[in-house]
Engineer: 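Pasting in a structure now, in structure tokens, and then I'll have a few things to ask.
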Amino acid sequence: MNRKKGDKGFESPRPYKLTHQVVCINNINFQRKSVVGYVELTIFPTVANLNRIKLNSKQCRIYRVRVNDLEAAFIYNDPTLEVCHHESKQRNLNYFSNAYAAAVSAVDPDAGNGELCIKVPSELWKHVDELKVLKVHINFSLDQPKGGLHFVVPNMEGSMAERGAHVFSCGYQNSTRFWFPCVDSYSELCTWKLEYTVDAAMVAVSNGDLVETVYTHDMRKKTFHYMLAIPTAASNISLAIGPFEILVDPYMHEVTHFCLPQLLPLLKHTTSYLHEVFEFYEEILTCRYPYSCFKTVFIDEAYVEVAAYASMSIFSTNLLHSAMIIDETPLTRRCLAQALAQQFFGCFISRMSWSDEWVLKGISGYIYGLWMKKTFGVNEYRHWIKQELDQIVAYELKTGGVLLHPIFGGGKEKDNPASHLHFSIKHPHTLSWEYYTMFQCKAHLVMRLIENRISMEFMLQVFNKLLSLASTASSQKFQSHMWSQMLVSTSGFLKSISNVSGKDIQPLIKQWVDQSGVVKFYGSFAFNRKRNVLELEIKQDYTSPGTQKYVGPLKVTVQELDGSFNHTLQIEENSLKHDIPCHSKSRRNKKKKIPLMNGEEVDMDLSAMDADSPLLWIRIDPDMSVLRKVEFEQSDFMWQYQLRYERDVVAQEEAILALEKFPTPASRLALTDILEQEQCFYRVRMLACFCLAKIANSMVSTWTGPPAMKSLFTRMFCCKTCPNIVKTNNFMNFQSYFLQKTMPVAMALLRDVHNLCPKEVLMFILDLIKYNDNRKNKFSDNYYRAELIDALANSVTPAVSVNNEVRTLDNLNPDVRLILEEITRFLNMEKLLPSYRHTITVSCLKAIRVLQKNGHVPSDPALFKSYAEYGHFVDVRIAALEAVVDYTKVDRSYEELQWLLTMVQNDPVPYIRHKILDMLTKNPPFTKNMESPLCNEALVDQLWKLMNSGTSHDWRLRCGAVDLYFTLFGLSRPSCLPLPELGLVLNLKEKKAVLNPTIIPESAANNQEPVNAANNHGQPVVFQNTFSNSQEEEEIDMDTVHDSQAFIYHHLNMLERPSTPGKEQSSGEVTMHPVSAAPLSVFSKESNSSKHSDHHHHHHHEHKKKKKKHKHKHKHKHKHDSKEKEKDPFAFSNSPASARSIRSPSLSD
Amino acid sequence: MRIALYGSKMADTAPGGSGTRSGSKHTTTPADNYYLARRRTLQVVVSSLLTEAGFESAEKAAVETLTEMLQSYISEIGRSAKSYCEHTARTQPTLSDIVVTLVEMGFNVETLPAYAKRSQRMVITAPPVTNQPVTPKALTAGQNKPHPSHIPGYFPEFPDPHTYIKTPTYREPVSDYQVLREKAASQRRDVERALTRFMAKTGETQSLFKDDVSTFPLIAARPFTVPYLTALLPSELEMQQMEETDSSEQDDQTDTENLPLHMSTDDSGPEKENASVLQQNTSLSGSRNGEENMIDNPYLRPVKKPKIRRKK
């Protein structure tokens, strides 16, 4: 359906079109963290009877709305503030998620909705009927915003500029509504005029061209005037104000970089590379950078590391680094490149709807990948693709699938495309953050698959076509109706592909875009000597969650004695076995060199191989052209040959992982050889270190010689004359630097027969620390030292405890004492000479937690809590919080859990709040099927409140809370809640008495939950019944879902201007439909069609009933609000009374 | 009489001449003999000059005085000439040194050739060869050190070793690599330990063990007002190190690599040249003032004065 719509072009969900918007922020008060300003939207009605204008606005206190200089009435309702209004006894996540999705829908700009509804003054109706322009002027203010706009105000002496106070916009997806009223959609484009009046010592950086900067009359402030002539969505508007240092890019004068005071030298170094990224993208896209200027701003307490907006990007200040830092450099460059890729696809080219998001993320991720290939080389690129593929495969298999292009059939569709998930994928704002990350990952992988199909040349042509179309459109006037060309849709994109390449990629799209899941292959083979044929068996698992059946071509590469041969197999429904003829007779040509895939010919020692078979190794899907997981069985010597001689890094890595299962001297030799081979990709060598450690541990009884890697390390990095002393650091060769860092960490994982880290290894690491000398090094050794501490931590094994005695200093293991000595000294030295990004503190904290966990040091969260406080560097805080989370789990500490949850609510840094929930979800104190003293009613209430209303200012945080709730309690009613009073409930509708459904999930939870999770398609009958019953019976909760919509429409109806009866009817119908349908779709799953109509009627009936209820409720609320008016910015606008009776709410002020 | 009078006049003009050899009159050492022989020759010279001038006899005292004057005069010429020659960093006086000396002493040099070629001059036999006086050897203790190659041979010899040699009281510095590294490592460790212990003793601490706060004292974590500054900026120590390890070398390289590449890929040649010039400017002078004229970046433009509103 969506696609058909796309073919016709973009259809706005709104009865008007926005052409231009002015945002003017007159006053920013850093002390009070408040903002005062106005917006003016120029809109053209597209229907004659436009009587109300819905806009998005959150948090903003709206003083006054005027339409063409006439005061206009408005109401403000935000159902996402509190998702479930009533004290629901259910506490059932399924129910919450549905209600939340409904609430988000109710204000979704892509459905034409919004929190703010403005009534067009009756004087203008005639004007509107002629479809003449309307100017909507809204005065607003923001007071202590909790989301959308983040203030950083260091608590110290001096003026705000001296303190380095700054403010910037932030958020997850379309979050601009948090800081000014707008149509917060990626598909509503308009031109912009932005004005910011700030302190004279500050700089305001925003989108578009800085036209001029003018002093105010008292000369104490400046006004920055920006113009953005390229039509841009409100969601791509951003702002950063602070006492920034300004750096004009020496290579490109249109590019300006901003950083906080004192960081200019770092900024210079960090951005010195950016022009090359520009050149690269412009070259491959054969298109100039679309905006006339570009700005990068580096700010503290960033929401995300990289945020791309129209013609500017906001980065975390922690990406800045000096020339001495090795490890951060590639990471930062990646961030810069990512941000720039999104400038083209994401900012300049926007999306039509949420379901088209994958195209933008896919393209920007794909061209970023091309940049990576060029910059870091093919090995790094392939390694990255493999890593991303592994990640998405693992995630999909765990959660049941990521769907790139969800199609929602206007509410009538019965099956929810993502029924396996505990959240709705209908809106970006209901998505789990992890899901969204994986979504982006899958998107760019799928783009790569498309490239494989149609060639890179065509791919780039498609991108160029999209860009040139958008570019032409952007220079047109609004009246030309060309702006929608700047929006990309799935169908438009696919059409471009078929036009450019002439190829049909529909099967590919169907497989990876329109449906979720990955492919799971199991491969094994046998060699038939008589026929000289390789009998390959490839099985698929397509019944487990997150999998799908693959039908189509599959490439298999067979390395034989005579060379490497590619075979394309057709994977079909019932064919498991594939016969592949071999080219070479076994051992026919002993002396010859063996040709490899890349044309190279090498000598191999063939003594290890099977004398009867000419097969060296076999690879399934070597190019990663299917989103899959392959479990392939071949003998150990084949893996060893693959590791040694296959030149593809992915194959080498696969071989290393496979060799873990073969702890033999031959594997050891193969790994050691790879480790020593300097031409080998450094990541492969690093991986080999860890595998070698594992193998050595498995072979512990038969291992001969010094501990694994020790002599290697000595040879590579220690002095020739005194092998126990490491050379003074010289990190000029990065490959060997990374190896030098990794080897001790892997060595520390070695264990002797008593399962202890060999003394020799520990002493070796301690010596490395002792003799570490960085005086002559050009680079900082902070990461190296941090990894040496990690190595120390890795060497720790559980303490031998006699009788659970209390851990004291006296019974401290002498080895641990040495370790502790080092950690103490390192941690203390950090206070005097802090390392870059405090990497050493981070490692020390982790090591201390390891010591605590292993029972060497008394388990105590106090130290971590002090490091987790606001005011420490963010990496340190995260490390400390991770330790507290771990403590909470291990010690089942209710107090610490409370402390963490308090921090989730109160911490000033949004990223920390998000991260705590994330860490709690990944390392939960308990899970839904577990008995835990922590699991109690109070906690349920607390978390429920957190996701219901406590996190309404931050989508990401709310979704994080939902994730945590899901992990702790599952989808159904938490098992720790007390039983409801009534065991039996009379169901009046069905005239039956049933067991109270709120009890059933509890009993069913234990035995049915896993089944439910495992099988999405066939939901257990019992469960289904209870669910349908529960919603039928619990009418109050039912209302809650409709509450928000009902509420809005109730008032909208009141606002409805008198018109011809027939017209009113139809317009009412049209507007009613999509919204009421949204919650219906949720429930219609369970109810059959006959019920459906009944249901609808029932709903309507309810709706009327609710009217009264609402009035009452809101009156009450209003009273309450008036008391707290000062505190609550939404107070008066939230009340329906104010909207109806007070024409101009500013009167009240 | 004339002679005596003249002699007294001469003595007046060269009073310093006599002092030099007054000490060597009383004893008859070989050195004295040497001097006496020279003086006798001078006396012969004076006498013959007197004869040439037409004197038939002279008092011994007058001859003696004239000899004394001549000796002084010649000594002064020698001394002065030596000074001139040393002044020009030579060891052997040349003719010009003598000439300058004579000129300086008020002698009309031009008259000298004519005087030397006069017909009535008398030839005096060379003084008898006598041995150079040998300075008695002082007590020598050890061999004098020869001049190292960079000291020219004409410089005075080294004094006797005993006058400057001192006996070292410290041990020979260790040069063994292993020991050096060991030493550096333990020294640094000791310093760090001492320093951190001191810091821990004087400030707030945290401890991993409830029962013992002193064995592993951790300096208490103190939040910063601006945490990113300490975390991102290199410490002074590192900065110093950076300067020492001469990182400019590599940076130059990358710069020169980038520049031509950049120019070749971009079409707008003249603009880019401008850019490269500017880039040097930025790297040379941190101040933005110089570039303002050349770079047209809106953030560098001056802030405008507010417009005066007509409404007022």
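Basis for what follows: all heavy atoms, side chains included, without hydrogens, waters or symmetry-related copies.
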Engineer: Residues two or more places apart in sequence or in another chain: which of them pass side-chain contact (heavy atoms from CB on, under 4.5 Å) with B:Pro152?
Structural biologist: B:Tyr154, B:Phe155

Engineer: Should the pair A:His275 and A:Tyr251 be assigned to parallel (<30°), tilted (30 to 60°) or perpendicular (>60°) ring geometry?
Structural biologist: parallel

Engineer: So which of A:Gln852, A:Lys770, A:Met219 has the largest heavy-atom pair count under 4.5 angstrom toward chain B?
Structural biologist: A:Lys770

Engineer: Can you say whether A:His872 sits under 4.5 Å from chain B via the side chain, the backbone, both, or neither, judging by heavy atoms?
Structural biologist: both

Engineer: Between A:Glu869 and chain B, which part of the residue has a heavy atom less than 4.5 Å away: side chain, backbone, both or neither?
Structural biologist: side chain

Engineer: Evaluate the side-chain proximity of A:Ser292 to A:Glu254: yes if any heavy-atom separation is below 4.5 Å, no if none is.
Structural biologist: no

Engineer: Return the option, out of A:Pro265, A:Ser780, A:Ala862, A:Cys719, with the maximum number of heavy-atom pairs under 4.5 Å with chain B.
Structural biologist: A:Cys719

Engineer: For A:Val153, which atoms come within 4.5 Å of any heavy atom of chain B: side chain, backbone, both, or neither?
Structural biologist: neither

Engineer: Ion pair present between A:Asp773 and A:Lys727, side-chain N to carboxylate O less than 4.0 angstrom?
Structural biologist: no

Engineer: Need one label for B:Ser235: side chain, backbone, both or neither, based on atoms under 4.5 Å from any heavy atom in chain A.
Structural biologist: side chain

Engineer: Using non-hydrogen atoms and a 4.5 Å limit, figure out which bit of A:Val876 sits close to chain B: side chain, backbone, both or neither.
Structural biologist: neither

Engineer: With side chains defined as the heavy atoms from C-beta onward, is the minimum distance between B:Pro234 and A:Met324 less than 4.5 Å?
Structural biologist: yes

Engineer: Can you tell me which portion of A:Tyr226 sits under 4.5 Å from chain B's heavy atoms? Options are side chain, backbone, both or neither.
Structural biologist: side chain

Engineer: So, are A:Glu821 and B:Arg193 salt-bridged, with charged N and O less than 4.0 Å apart?
Structural biologist: yes

Engineer: Side chains of A:Phe873 and A:Val842: closer than 4.5 Å at any heavy-atom pair?
Structural biologist: no

Engineer: Tell me, side chain or backbone of A:Glu157 under 4.5 Å from chain B's heavy atoms, or both, or neither?
Structural biologist: neither

Engineer: Side chains of A:Phe224 and A:Val203, heavy atoms from C-beta outward: is any pair under 4.5 Å?
Structural biologist: yes

Engineer: Check whether more than 12 heavy atoms from other residues, nucleotides or ligands sit under 6.0 Å from atom CD of B:Glu86, and answer yes or no.
Structural biologist: yes

Engineer: Answer yes or no: is there a donor N or O on one side and an acceptor on the other, between the side chain of A:Asp860 and the main chain of B:Phe209, under 3.5 Å?
Structural biologist: no

Engineer: Taking atom CZ of B:Arg90 as the centre, does the number of heavy atoms from other residues, nucleotides or ligands within less than 6.0 Å exceed 12?
Structural biologist: yes

Engineer: Measuring heavy-atom distances to chain B, does A:Ile848 have an atom under 4.5 Å in its side chain, in its backbone, in both, or in neither?
Structural biologist: side chain

Engineer: Of the listed residues (A:Glu830, A:Glu301, A:Lys295), which shares the most heavy-atom pairs with chain B below a 4.5 Å separation?
Structural biologist: A:Lys295

Engineer: Please flag which part of A:His856 lies under 4.5 Å from any non-hydrogen atom of chain B: side chain, backbone, both or neither.
Structural biologist: backbone

Engineer: In plain terms, say whether B:Arg189 and B:Glu192 are close enough for a salt bridge, that is, a side-chain N and a carboxylate O under 4.0 Å apart.
Structural biologist: no

Engineer: Among B:Ala220, B:Ala221, B:Pro298, which residue forms the greatest number of heavy-atom pairs with chain A at distances under 4.5 Å?
Structural biologist: B:Ala221

Engineer: Checking heavy atoms, do the side chain of B:Gln206, its backbone, both or neither come under 4.5 Å from chain A?
Structural biologist: side chain

Engineer: Is it the side chain or the backbone of A:Asp249 that comes within 4.5 Å of chain B heavy atoms, both, or neither?
Structural biologist: neither

Engineer: In terms of heavy-atom proximity below 4.5 Å to chain B, should A:Cys293 be classed as side chain, backbone, both, or neither?
Structural biologist: neither

Engineer: Between A:Tyr870 and chain B, which part of the residue has a heavy atom less than 4.5 Å away: side chain, backbone, both or neither?
Structural biologist: backbone

Engineer: Which atoms of B:Tyr177 come close to chain A, meaning under 4.5 Å heavy atom to heavy atom: side chain ones, backbone ones, both, or neither?
Structural biologist: side chain

Engineer: Can you list everything that forms a salt bridge (charged side-chain N to carboxylate O under 4.0 Å, His left out) with B:Lys304? Sequence neighbours excluded, please.
Structural biologist: A:Glu212

Engineer: Can you tell me which portion of A:Leu812 sits under 4.5 Å from chain B's heavy atoms? Options are side chain, backbone, both or neither.
Structural biologist: side chain

Engineer: So for B:Val226, is it side chain, backbone, both, or neither that comes closer than 4.5 Å to the heavy atoms of chain A?
Structural biologist: side chain

Engineer: Give, as side chain, backbone, both or neither, the part of A:Leu832 having an atom under 4.5 angstrom from any heavy atom of chain B.
Structural biologist: side chain

Engineer: Quick check on the interface: out of A:Asp875, A:Leu263, A:Val214, who has the most heavy-atom pairs with chain B under 4.5 Å?
Structural biologist: A:Val214

Engineer: In sequence, state the C-alpha distance, the side-chain angles, and the governing distance for B:Arg301 and B:Asp296, and then conclude on salt bridge (charged side-chain N to carboxylate O under 4.0 Å, His left out).
Structural biologist: CA-CA 8 Å; B:Arg301 279 178 214 149; B:Asp296 184 36; 3.3 Å; yes

Engineer: Using non-hydrogen atoms only, which part of A:Thr216 is less than 4.5 Å away from chain B: side chain, backbone, both, or neither?
Structural biologist: backbone

Engineer: Report which part of B:Arg188 has an atom under 4.5 Å of a heavy atom belonging to chain A: side chain, backbone, both, or neither.
Structural biologist: side chain

Engineer: Which atoms of B:Ala184 come close to chain A, meaning under 4.5 Å heavy atom to heavy atom: side chain ones, backbone ones, both, or neither?
Structural biologist: side chain

Engineer: Search all heavy atoms of A:Leu320 against all heavy atoms of A:Cys259 and return the closest pair with its distance.
Structural biologist: CD1-CB, 4.2 Å

Engineer: Against chain B, work out which of A:Asn782, A:Leu827, A:Asp300 has the most heavy-atom pairs shorter than 4.5 Å and name it.
Structural biologist: A:Asp300

